[in-house]
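Structure record follows, encoded as structure tokens.
Scope of the values below: all heavy atoms of this structure, side chains included, with no hydrogens, waters or symmetry mates.
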Amino acid sequence: MRTRVSLFLALLLIGITAAQSRTLSLEECVRRGREASPSLKSSSQSLDLSRENLLASWGSFLPVFNSSVSYSSSTRGPSSAREWTDPISGVSYETEPSSGSNTESYSFGLSGSLTLFSGFGGIAGLEAAKLQVQASRNDLLVARNAVDREVTTAYYELHKAQMLETLAARSLELSQESFDQVKRAYTMGAVARSDTLSASVDLAESRLGLLTAENSLALSRISLATLLEIVPDSDLRVEQLDFDTYPLLPRDEILASALKSNPELLSARFQQEAALASLRQARSSLWPSLVGSYSYSWGDEVWPAEPLGIFEENYGSSYSLSLRWNLFSGFATRRAIASARVSERVRQYSRDLQERNLIKALESLLLTLENSRKRVELARATRELAREELRLARERYRVGAATLLEVSSAEVSVTRARSQEIDGMTAYLIALSELNRSAGISGAIHD
């Protein structure tokens with residue numbers, strides 16, 4: 001019994017330790033987010049469908065075969081004797097009665113055809129299918145980047161909430177220490193009652209700030225846990241990030257990489273090239289088509305005793321080579337070509353617009369990164385000044401040359417500077433991850 005209790009307590013302790021150490025890395029969160037994303041699974045199915053369409057396009061160059069085996073039975077019922085008069089001679093006859101009959105028949109057929117030439121439509125269709133597969137790959141990468149963007153943003157927001165919660169907890173500790181010091185000084189008659197009231201207000205505001213930070217932390221946990229399909233408990237935390245270990249690539253290198261590897265832009269280009277191939281496929285209807293075919297048939301009232309008997313007697317075969325040219329289709333061909341031409345132009349305009357929007361987005365992200373880094377540097381410098389101001393204010397207050405309000409104001413300045421630094425760091429990391437995805441630095445999809 002004691003052994004079982006000891007084992008249970010050991011397992012419980014291991015579970016508690018594992019729960020307390022539930023710290024997720026960004027890579028693990030991104031992996032889990034991809035596995036749990038419905039949109040990514042849907043895009044993967046679209047890629048599979050485009051691959052099946054490519055296989056069907058290859059099949060257009062292969063012959064088509066059809067076969068059939070049939071059995072039929074017909075029954076004619078008995079008939080009685082009837083009188084019949086010849087309309088010409090006027091002589092009357094009486095037909096013999098019939099007892100009925102039953103007739104059976106068997107047949108087998110095999111046919112095949114191959115399109116030898118279709119105005120290059122098959123080649124254009126195959127090219128369009130290949131390009132569509134490439135476009136679907138990049139669409140899948142676009143969906144993957146969207147999932148990564150959501151997860152990364154939620155991760156950084158949780159990291160920010162953790163830091164702000166720690167900052168609020170530290171601020172509460174300082175307020176509590178100040179309140180305790182003022183209370184002791186008031187008991188000794190060294191400070192006025194107004195100082196104790198001011199310290200009480202600061203302590204209440206710090207408690208409210210911690211409550212707000214804890215609420216934001218809980219909401220951030222829910223946002224990330226929802227994307228990962230895990231339980232958003234209070235043990236969920238993310239790794240501490242070092243802001244200075246995320247350098248920024250040169251602007252020209254980023255733009256060149258984006259124009260070459262951006263998944264949205266690549267998808268638009270493949271879509272435009274596929275539309276151009278579809279236009280060539282539509283124009284192939286203006287050409288004649290050459291089709292070769294072969295057929296074999298067999299039929300008899302008795303199925304042969306040998307399996308190969310259908311190739312020995314009562315059979316027939318034929319070969320044909322036909323040239324077909326659609327001379328007039330009621331303007332259907334003209335409409336199909338015009339529709340394909342418009343679709344190709346729309347795809348081209350969409351690609352050009354995508355390229356312009358990409359450059360605009362990259363420039364905006366670069367400005368955001370520069371602004372965020374400057375905010376961080378300025379906040380750090382301000383925090384150092386605020387710390388020095390706080391140190392001097394506390395020293396002046398200790399010798400009676402300053403009021404508690406000055407000390408509280410200096411503490412608020414330190415907290416505000418740190419909060420601004422955290423905001424700037426989070427904005428920088430989110431913009432940098434988005435910039436890397438837009439530049440196509442996050443990787444590619446292979447077969």
Side-chain angles (χ1 to χ4, degrees), residues 20 156-223 232-238 240-244 371-429:
Q20 291 177 346
Y156 288 147
E157 289 294 340
L158 179 54
H159 179 262
K160 171 184 174 181
Q162 288 179 181
M163 298 178 70
L164 291 178
E165 190 263 347
T166 302
L167 179 62
R170 178 55 181 165
S171 178
L172 178 59
E173 291 178 3
L174 294 176
S175 297
Q176 186 67 51
E177 292 176 2
S178 298
F179 176 77
D180 294 339
Q181 292 176 1
V182 172
K183 188 176 180 180
R184 287 194 298 267
Y186 175 73
T187 303
M188 299 171 58
V191 297
R193 178 169 174 75
S194 60
D195 287 344
T196 62
L197 294 177
S198 178
S200 299
V201 172
D202 291 340
L203 181 59
E205 290 180 349
S206 297
R207 288 173 177 169
L208 179 60
L210 178 59
L211 181 61
T212 303
E214 289 175 345
N215 183 67
S216 299
L217 180 59
L219 293 177
S220 299
R221 284 196 179 106
I222 292 174
S223 298
D233 53 49
S234 59
D235 299 316
L236 176 60
R237 302 187 69 85
V238 297
Q240 190 71 19
L241 302 176
D242 185 4
F243 169 75
D244 297 315
N371 179 266
S372 299
R373 179 173 286 278
K374 289 181 179 179
R375 285 170 53 194
V376 172
E377 294 174 352
L378 182 59
R380 286 177 174 177
T382 304
R383 187 177 59 164
E384 292 301 322
L385 294 175
R387 283 177 176 176
E388 181 63 19
E389 180 185 0
L390 176 60
R391 187 187 67 81
L392 295 175
R394 286 174 175 174
E395 184 65 24
R396 291 196 306 268
Y397 181 77
R398 186 180 65 82
V399 298
T403 63
L404 182 61
L405 179 60
E406 294 177 353
V407 177
S408 300
S409 177
E411 290 177 348
V412 170
S413 297
V414 173
T415 303
R416 184 186 301 114
R418 177 56 177 164
S419 177
Q420 291 175 350
E421 180 185 1
I422 294 173
D423 287 338
M425 291 169 54
T426 304
Y428 181 89
L429 294 176

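Checked by atom type and distance alone, the side chain of Q162 pairs as donor or acceptor with a backbone atom of V238 at under 3.5 Å. The closest donor-acceptor contact from the side chain of S198 to the backbone of S194 lies at 3.5 Å or more, if one exists at all. No donor-acceptor pair under 3.5 Å is formed between the side chain of D423 and the backbone N or O of T426.
Rounded to the nearest 0.5 Å, atoms CG (D180) and OG (S175) are 10.5 Å apart. The OH atom of Y428 sits 10.5 Å away from the OH atom of Y156 when rounded to the nearest 0.5 Å. Rounded to the nearest 0.5 Å, atoms CG (L164) and CD (E157) are 9.5 Å apart. Once rounded to the nearest 0.5 Å, the distance linking CD of E384 with CD of E388 reads 9.5 Å. For the atom pair L197 CG and Y186 OH, the distance stands at 8.5 Å (nearest 0.5 Å). The CG atom of L203 lies 10.5 Å from the NZ atom of K183; values are rounded to the nearest 0.5 Å.
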request  = Show your working on side chain to side chain contact (heavy atoms under 4.5 Å, CB included) between R184 and Q181 and close with a plain yes or no.
outcome  = CA-CA 5 Å; R184 287 194 298 267; Q181 292 176 1; 3.5 Å; yes

inquiry  = Could you go through R207 and L172, starting from their C-alpha distance and side-chain angles, then the distance that decides it, and tell me whether this counts as side chain to side chain contact (heavy atoms under 4.5 Å, CB included)?
reply    = CA-CA 6 Å; R207 288 173 177 169; L172 178 59; 3.4 Å; yes

query = After noting the C-alpha distance and the side-chain angles of T415 and V412, does the key distance pass the side chain to side chain contact (heavy atoms under 4.5 Å, CB included) rule?
reply = CA-CA 5 Å; T415 303; V412 170; 5.7 Å; no

key: Residue pair L158, L217: steps toward the side chain to side chain contact (heavy atoms under 4.5 Å, CB included) verdict   = CA-CA 6 Å; L158 179 54; L217 180 59; 3.5 Å; yes

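A salt bridge is absent between E389 and R383: the closest approach of a Lys/Arg side-chain nitrogen to an acidic carboxylate oxygen does not fall below 4.0 angstrom.
Between E406 and R396 there is a side-chain heavy-atom pair separated by less than 4.5 Å. In this structure, M163 and H159 have side chains that are in contact, with non-hydrogen atoms separated by less than 4.5 Å. Considering only heavy atoms from C-beta on, M425 stays 4.5 Å or farther from K160 through its side chain. R416 has its side chain within reach of S413: a pair of non-hydrogen atoms, C-beta onward, lies under 4.5 Å apart.
Side-chain atoms of S408 and D202 form a donor-acceptor pair, as typed in the model, at a separation below 3.5 Å.
When the side-chain hydrogen bond (donor to acceptor under 3.5 Å, both in side chains) test is applied to R418, the partners found at least two apart in sequence or on another chain are E421. Shown here are the salt bridge (charged side-chain N to carboxylate O under 4.0 Å, His left out) partners of K374, two or more places apart in sequence or in another chain: E370.
In terms of heavy-atom proximity, L390 sits nearest to V407 at CD1-O, 3.7 Å. Shortest non-hydrogen contact noted between S220 and A161 is OG-CB, 3.6 Å. Across every non-hydrogen atom of S178 and E411, the tightest pair is OG-OE2, 3.3 Å. The two residues E177 and R170 come nearest to each other via the heavy atoms OE2-NH1, 4.4 Å. Here the shortest heavy-atom pairing between A169 and L210 reads N-CD1, 3.7 Å. Annotation for P232 and I222: closest pair CB-CA, 3.8 Å, computed over non-hydrogen atoms.
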